[in-house]
S.K.: 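Have a look at the structure that comes next, please.
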Amino acid sequence: MNRVPLKRRPGPAKWIILGSGIVAALHLGKVAIAAPMLQADLGIGLVQAGWLTGIFAVLGLFGGAPAGAVAVAIGHRKTLLMGLGFTAAAGITAAAVPSFDTLLATRLVEGLGFLLIVVAGPAILERLFAGAERDRALSLWSCFMPCGMALAMVIGPAFQTWQWLWWSSSALTAIIAAIAICCIPQDEPLHTQGQPFPGMRQALSRSTTLLAITFALYSLMFFALFAFLPVLLMDRMDVTYRGAGLLSALVSAVNIGGNLAAGYLMARGAGRGALIILASGLMGAAGLGIFTGVFGPVATLMLCLLFSAVGGLIPATLLASAPLSVREATLVPVAVGILMQGSNLGQLLGPIIVGGLTAAHGWGAAGPVVLLAALAACIAVLLLSAVFPSNGQTLWLSGRIRRTS
């Protein structure tokens, strides 16, 4: 029997895939909101809390491109379901056997689940949708991180113990997995010539590498703040734990506006590199003001909102540019995996560097780190403008159209 092409199948698949990304980000963000409970229950400090956030990225740092190759080899749907399963199982284990060592180990498994989900999600959307609908679906997908982080900040204070937060987030993940089994169409592994690893080598172009570096610098800036945002707000604004959670959720949520704005602006000819340079510069300046504490509580909150809102332009632009960095459509999941390796490097370094500096020198020491990362991101984008392919796509900086001969 002939199968109906996946791109013609209607249904709620894009919302289920977005939900999968949101629960993955919820698991990433839950440590930040649970940090006070973890400190009280397990006696850990800011450095250890930073490791619990940063260790989430270790597998992603080394396994992004291999995860993309796995998605190509076994199928995107299976990869997504594996990621959801690993994430749910790790959360249940951590809640059942509460200790710092168990938390650290299960965060590695959650990191693996997160990686499989974020590599498979856009690959499924690429197969399910075409044309303008695909562009809208990928723009929607880029909202998964701020949505999940905001969800963690909202629901976290509702739990009396961190274990119940872990139980509940794992249960939600299992529910999403069950719905995904029913709603996401079966797909076939993409049988490409040779083994996946030659494809990895082909995808590792100069432009893909620079995209990954830029993603790493963005993630370093983002998680330098968001890994400790509730604690910072409690310290700077003298708000309650619940109040810090709600304010952190608001700061996370405005990042969604940046994600959606990036798709809107790129569709109307805005240069991709120009968007990233603008956003990086504003993030660096805002981060310096936030951490140095030279402004009052209200101004600090406004800077946090600016930091998050303009920052949302960067990941959406980078993910939309991944297909432009490879010559074959079959290499897109591998290119996304390479970008995720950059993202995970930033997720690892940001909390660890800021946690260590803050413990030794106070919040003000983190400001220059964010500013230097922003300047480095601008340099990476300028290098991208020289090497990025321009095969009929929007130019990296100018937004004009150029055709190759």
Side-chain angles (χ1 to χ4, degrees), residues 28-29 32 35 46-47 49-50 53-54 57 145-146 149-150 153 213-237 244 247-259 261-262 275-318 342-343 345-381:
L28 173 61
L46 280 178
V47 175
T53 299
M145 182 67 80
M149 296 287 284
M153 299 303 166
I213 291 172
T214 308
F215 216 144
L217 293 166
Y218 163 75
S219 293
L220 191 156
M221 291 187 286
F222 185 86
F223 285 95
L225 176 62
F226 277 82
F228 305 103
L229 184 57
V231 178
L232 176 65
L233 291 177
M234 291 171 67
D235 184 29
R236 287 283 166 79
M237 301 188 67
L247 289 175
S248 298
L250 175 62
V251 175
S252 298
V254 298
N255 190 259
I256 300 169
N259 297 150
L275 290 176
I276 295 176
I277 289 174
L278 173 64
S280 297
L282 290 174
M283 286 183 76
L288 189 65
I290 292 167
F291 283 112
T292 54
V294 296
F295 299 102
V298 175
T300 298
L301 179 60
M302 293 299 105
L303 287 175
C304 289
L305 292 169
L306 175 65
F307 181 95
S308 179
V310 300
L313 294 169
I314 298 178
T317 303
L318 292 173
S343 175
L345 176 61
Q347 289 179 37
L348 176 64
L349 293 180
I352 292 173
I353 292 174
V354 170
L357 287 175
T358 300
H361 305 290
W363 290 114
V369 173
V370 176
L371 183 60
L372 289 173
L375 294 174
C378 293
I379 294 172
V381 169

S.K.: Would you check if the side chain of N259 reaches a backbone N or O of A316 as a donor-acceptor pair within less than 3.5 Å?
M.R.: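 Between the backbone of A316 and the side chain of N259 there is no qualifying donor-acceptor contact (under 3.5 Å).
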
S.K.: Where is the tightest heavy-atom contact between F307 and G287, given as atom of each residue plus distance?
M.R.: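 Heavy-atom minimum between the residues: CD1-N, 3.9 Å.
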
S.K.: First locate atom CG of L232, then atom OG1 of T300, and finally report the distance between them rounded to the nearest 0.5 Å.
M.R.: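 Here the rounded value is 8.0 Å.
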
S.K.: Nearest heavy-atom pair of L229 and C304: which atoms, and what distance?
M.R.: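 Heavy-atom minimum between the residues: CD1-SG, 4.1 Å.
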
S.K.: Does S252 have any side-chain hydrogen bond (donor to acceptor under 3.5 Å, both in side chains) partners at least two apart in sequence or in another chain, and if so, which?
M.R.: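 S252 satisfies side-chain hydrogen bond (donor to acceptor under 3.5 Å, both in side chains) with no other residue.
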
S.K.: Specify the closest pair of heavy atoms between P230 and A244, including all atoms of both residues, with the distance to one decimal.
M.R.: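 P230 and A244 have their closest heavy atoms at O-CB, 3.6 Å.
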
S.K.: Kindly give the heavy-atom pair with the smallest separation between G29 and M153, and that separation in Å.
M.R.: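 G29 and M153 have their closest heavy atoms at O-CE, 4.1 Å.
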
S.K.: Could you tell me whether a side-chain N or O of S308 sits under 3.5 Å from a main-chain N or O of V254, the two making a donor and an acceptor?
M.R.: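 No; judged by distance alone, with no hydrogens or angles, the pair does not exist.
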
S.K.: I need the minimum non-hydrogen distance between A224 and V370, along with the two atoms involved.
M.R.: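 Shortest heavy-atom separation between A224 and V370 comes out as CB-CG2, 4.1 Å.
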
S.K.: Does T214 have any side-chain hydrogen bond (donor to acceptor under 3.5 Å, both in side chains) partners at least two apart in sequence or in another chain, and if so, which?
M.R.: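 Residues passing side-chain hydrogen bond (donor to acceptor under 3.5 Å, both in side chains) with T214: none at all.
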
S.K.: To the nearest 0.5 angstrom, please state how far the CG atom of L313 sits from the CG atom of N255.
M.R.: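 Going from CG on L313 over to CG on N255, the span is 9.0 Å.
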
S.K.: Y218: which residues meet the ring pair (Phe, Tyr, Trp, His ring centres under 6.0 Å) condition with it, sequence neighbours left out?
M.R.: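 Residues passing ring pair (Phe, Tyr, Trp, His ring centres under 6.0 Å) with Y218: F222.
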
S.K.: Could you check F291 against L357 for side-chain contact (heavy atoms from CB on, under 4.5 Å), going step by step and ending with a plain yes or no?
M.R.: CA-CA 11 Å; F291 283 112; L357 287 175; over 6 Å; no

S.K.: Could you tell me which non-hydrogen atom of P315 sits nearest to which non-hydrogen atom of G311, and how far apart they are?
M.R.: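 Smallest heavy-atom distance, with atoms named: CD-O, 3.1 Å.
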
S.K.: Measuring from atom CE of M283 to atom CD1 of I290, what distance do you get when rounded to the nearest 0.5 angstrom?
M.R.: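 Interatomic distance, M283 CE to I290 CD1, rounded to 0.5 Å: 9.0 Å.
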
